[in-house]
Trainee: 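Right, I'll just put the structure down here and ask away after.
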Number of protein chains: 2
Amino acid sequence: MGPGQKTKTKTYCYDFPMVSVTVDCVIFGWDNDGLHVLLIERGEEPFEGQWALPGGFIRAGEEDLEKAARRELSEETGIGSPRHLEQLGTYGHPDRDPREEHVITVAYIALIKRDEHRPQGGTDARSAHWIPMEEARRKRLAFDHDQIFSDAVERLYNKLRYDPLGFNLLPNKFPLRDVQQLYEVAIGHEVDKRNFRKKLLETGLLEDTQEIETDVKHRAAKLYQFNWTAYQKRRAEGWTFDI
Amino acid sequence: MGPGQKTKTKTYCYDFPMVSVTVDCVIFGWDNDGLHVLLIERGEEPFEGQWALPGGFIRAGEEDLEKAARRELSEETGIGSPRHLEQLGTYGHPDRDPREEHVITVAYIALIKRDEHRPQGGTDARSAHWIPMEEARRKRLAFDHDQIFSDAVERLYNKLRYDPLGFNLLPNKFPLRDVQQLYEVAIGHEVDKRNFRKKLLETGLLEDTQEIETDVKHRAAKLYQFNWTAYQKRRAEGWTFDI
DNA sequence: GCAAAAGTGTTTCCCCTACACCCATGG
DNA sequence: CCATGGGTGTAGGGGAAACACTTTTGC
């Protein structure tokens with residue numbers, strides 16, 4: 001133990017202090033009533049009964065970090081394959097986990113289309129719940145998950161401005177209104193409807209599906225879809241999405 | 001071992017497969033002749049004699065990841081405190097390290113002012129060298145350090161556009177030309193001198209030091225310094241740096 | 001006096017912004 | 001027929017881009 005250093009009791013394996021590595025996922029989903037996060041109620045110590053991000057230990061020597069994230073996603077929430085998965089960052093303060101071991105976690109952000117994951121079935125699915133953003137922000141999460149969650153939100157909101165990853169949250173066919181609402185959540189204020197639609201359609205990446213929404217109490221909006229292959233091509237040419 | 005999975009031989013501690021965690025640093029420095037990276041020639045297996053990013057194992061239970069990065073920076077390169085240190089990402093493929101253990105590394109980006117670190121003294125400093133970017137890009141680095149390095153360069157170049165972190169590379173007092181050159185390296189093409197200077201000075205964050213450069217074979221340029229406290233204030237008000 | 005880089009103003013054009021009205025549908 | 005949100009065009013202003021010449025210094 002170094003002089004004057006704050007340390008925790010170390011767990012040893014032979015002579016080596018041990019480290020464990022987990023992955024945690026911040027899973028975002030969009031619904032008619034806004035952006036949600038998937039949280040689980042922990043069924044075991046530590047923090048039993050508290051809300052936390054889904055996650056778990058990686059299988060050393062067997063899997064990549066991203067693969068571990070996909071596995072946890074599936075095991076804990078029943079989500080097969082997210083539309084978007086990206087690494088957020090790694091959190092490794094020695095005291096972030098109250099257990100003896102030094103547990104380092106690699107956090108991932110996952111975006112899913114909620115209409116593709118109606119059933120929340122899965123190993124621990126009984127305890128997984130979609131929580132609206134405002135409500136989630138008020139909760140005190142286990143470990144340092146408050147920090148991870150707020151970092152994830154910041155990353156997502158920033159990225160929505162210059163990356164079309166937000167379309168991974170919307171259903172395959174969506175009205176432009178939904179895109180605007182998602183964008184407004186991200187930038188934190190309302191935008192002009194006409195200008196927004198103009199800029200969005202000028203990219204040429206939104207295709208009119210010739211369908212309209214149903215079950216709506218007023219004039220039905222057209223449904224569009226995002227052309228990912230055209231986007232990839234434009235991007236390869238140096239073009240960047242920016243709304 | 002899971003069915004059909006590519007795995008490596010696992011190192012066990014009692015019943016648990018082991019993981020080790022390292023930190024690696026991509027250290028950038030600016031000089032009159034451009035951007036450089038600090039690489040070390042490995043003095044031990046694996047990859048003995050090859051070029052690699054400085055880094056090493058974290059001290060489990062004792063230190064934060066960032067603290068580990070600072071320690072490695074100091075031990076391997078003699079750099080006391082970088083002007084900027086940020087986490088890049090974590091790389092965890094089971095086969096990324098040829099040794100038995102599954103070694104996961106957390107990569108950091110460090111920016112330093114080269115005029116503050118003349119002496120490269122340090123534990124292993126004998127093998128640390130500043131390599132110009134072009135040359136570094138051509139080298140085959142140990143482990144997956146090629147990947148980490150190119151990710152770091154991409155992150156740095158992107159960030160230079162909308163974050164003043166580049167001033168952490170320049171000396172405290174610098175001519176505007178240097179800022180422009182750094183920026184041009186980042187965006188990959190030349191920009192108009194007048195427009196660039198105008199936009200830069202309009203931010204109000206650059207102070208004329210009333211000094212001029214010396215030892216130059218032509219008209220000497222004024223030296224400016226970046227006002228970090230003013231920047232923090234503007235940023236807190238919602239303003240964002242963008243050149 | 002000439003080579004080499006520093007430094008400076010103005011015009012043009014495009015894009016972003018602001019803004020108001022008609023349309024389609026369900027009840 | 002009315003309430004609700006869907007959908008559209010245009011004019012004006014501000015900021016980015018383009019552009020050329022004078023100044024200073026060392027040799």
Side-chain angles (χ1 to χ4, degrees), chain A residues 30-34 160-162 170-171 173-225 234 238-243, chain B residues 30-34 160-162 170-171 173-225 234 238-243:
Chain A
W30 177 260
D31 216 338
N32 290 336
D33 52 333
L160 282 172
R161 303 174 181 203
Y162 58 90
L170 303 177
K173 298 173 180 179
F174 49 82
L176 295 187
R177 165 189 22 102
D178 283 13
V179 186
Q180 181 173 348
Q181 283 177 359
L182 179 54
Y183 181 70
E184 286 175 342
V185 168
I187 61 172
H189 59 85
E190 299 188 346
V191 299
D192 183 272
K193 182 170 53 159
R194 282 159 294 195
N195 295 333
F196 183 81
R197 297 164 73 95
K198 209 182 306 167
K199 204 159 39 163
L200 206 51
L201 292 174
E202 272 170 1
T203 64
L205 296 174
L206 290 182
E207 293 168 351
D208 188 340
T209 64
Q210 308 292 354
E211 295 174 54
I212 55 173
E213 53 182 353
T214 53
D215 297 326
V216 83
K217 302 178 294 295
H218 48 76
R219 176 176 176 180
K222 289 184 185 176
L223 295 178
Y224 289 84
Q225 57 190 5
R234 296 275 292 280
W239 182 81
T240 87
F241 182 86
D242 184 24
I243 53 174
Chain B
W30 177 260
D31 215 339
N32 289 338
D33 51 333
L160 282 172
R161 303 173 181 207
Y162 57 89
L170 303 178
K173 298 175 181 180
F174 49 83
L176 295 187
R177 165 188 25 101
D178 283 13
V179 186
Q180 182 173 347
Q181 284 177 358
L182 179 54
Y183 181 70
E184 286 175 342
V185 167
I187 62 173
H189 60 84
E190 298 187 348
V191 299
D192 183 271
K193 182 171 51 159
R194 282 161 293 192
N195 294 334
F196 183 81
R197 295 164 73 94
K198 208 183 306 167
K199 204 159 41 161
L200 207 51
L201 291 174
E202 272 170 1
T203 64
L205 296 175
L206 290 181
E207 293 167 351
D208 188 341
T209 64
Q210 309 291 355
E211 295 174 52
I212 57 173
E213 53 183 355
T214 54
D215 296 326
V216 82
K217 303 178 293 295
H218 48 76
R219 177 175 176 180
K222 289 184 187 176
L223 296 178
Y224 289 83
Q225 58 191 5
R234 297 275 291 280
W239 181 81
T240 88
F241 182 87
D242 185 24
I243 54 173

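This structure is a prediction, so every number in the text was calculated from the model and none was measured. Residue numbers begin at 1 in each chain, while the letters A, B, ... track the order of the sequences.
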Trainee: Could you name each residue pair satisfying salt bridge (charged side-chain N to carboxylate O under 4.0 Å, His left out) that touches residues 204-216 of chain A, not counting sequence neighbours?
Mentor: A/Lys173-A/Glu211, A/Arg177-A/Glu213, A/Asp208-A/Lys222
Trainee: Are A/Val179 and A/Tyr224 side-chain neighbours, meaning at least one heavy-atom pair lies under 4.5 Å?
Mentor: no
Trainee: Across nucleotides 5-12 of chain C, 5' to 3', mark each nucleotide with B, S or - according to how protein heavy atoms within less than 4.0 Å reach it.
Mentor: SBBBBB--
Trainee: Reading DNA chain C from 5' onward, which residue's closest nucleotide shows up sooner: A/Glu202 or A/Val216?
Mentor: A/Glu202
Trainee: Give the table of side-chain donor-acceptor pairs shorter than 3.5 Å for residues 197-206 of chain B, with sequence neighbours excluded, one pair per line with atom names and distance.
Mentor:
unit_1: B/Thr203; atom_1: OG1; unit_2: B/Leu200; atom_2: O; d: 2.6
unit_1: B/Thr203; atom_1: OG1; unit_2: B/Leu205; atom_2: N; d: 3.2

Trainee: Going by number, which of residues 183-190 of chain B have a non-hydrogen atom under 4.0 Å from DNA chain D?
Mentor: none
Trainee: Verify, without hydrogens or angle tests, whether B/Asp192 (side chain) and B/Arg194 (backbone) share a donor-acceptor contact under 3.5 angstrom.
Mentor: yes
Trainee: Could you tell me the separation between the CG atom of A/Asn195 and the NZ atom of A/Lys193, rounded to the nearest 0.5 Å?
Mentor: 11.5 Å
Trainee: Atom CH2 of A/Trp30 and atom CZ of A/Phe174: how far apart are they, to the nearest 0.5 Å?
Mentor: 12.5 Å
Trainee: If you look only at pairs with a residue in residues 176-195 of chain A, which of them pass as a ring-ring contact (aromatic ring centres under 6.0 Å, His included), with sequence neighbours excluded?
Mentor: A/Tyr183-A/Phe196
Trainee: Keeping B/Gln181 on the side-chain end and B/Gly34 on the backbone end, is there a donor-acceptor pair under 3.5 Å?
Mentor: no
Trainee: Check whether any side-chain heavy atom of B/Gln225 lies under 4.5 Å from a side-chain heavy atom of B/Leu223, and answer yes or no.
Mentor: no
Trainee: Going 5' to 3' along DNA chain D, between which two nucleotides do contacts with chain A fall, using a heavy-atom cut-off of 4.0 Å?
Mentor: D/dT4 to D/dT10
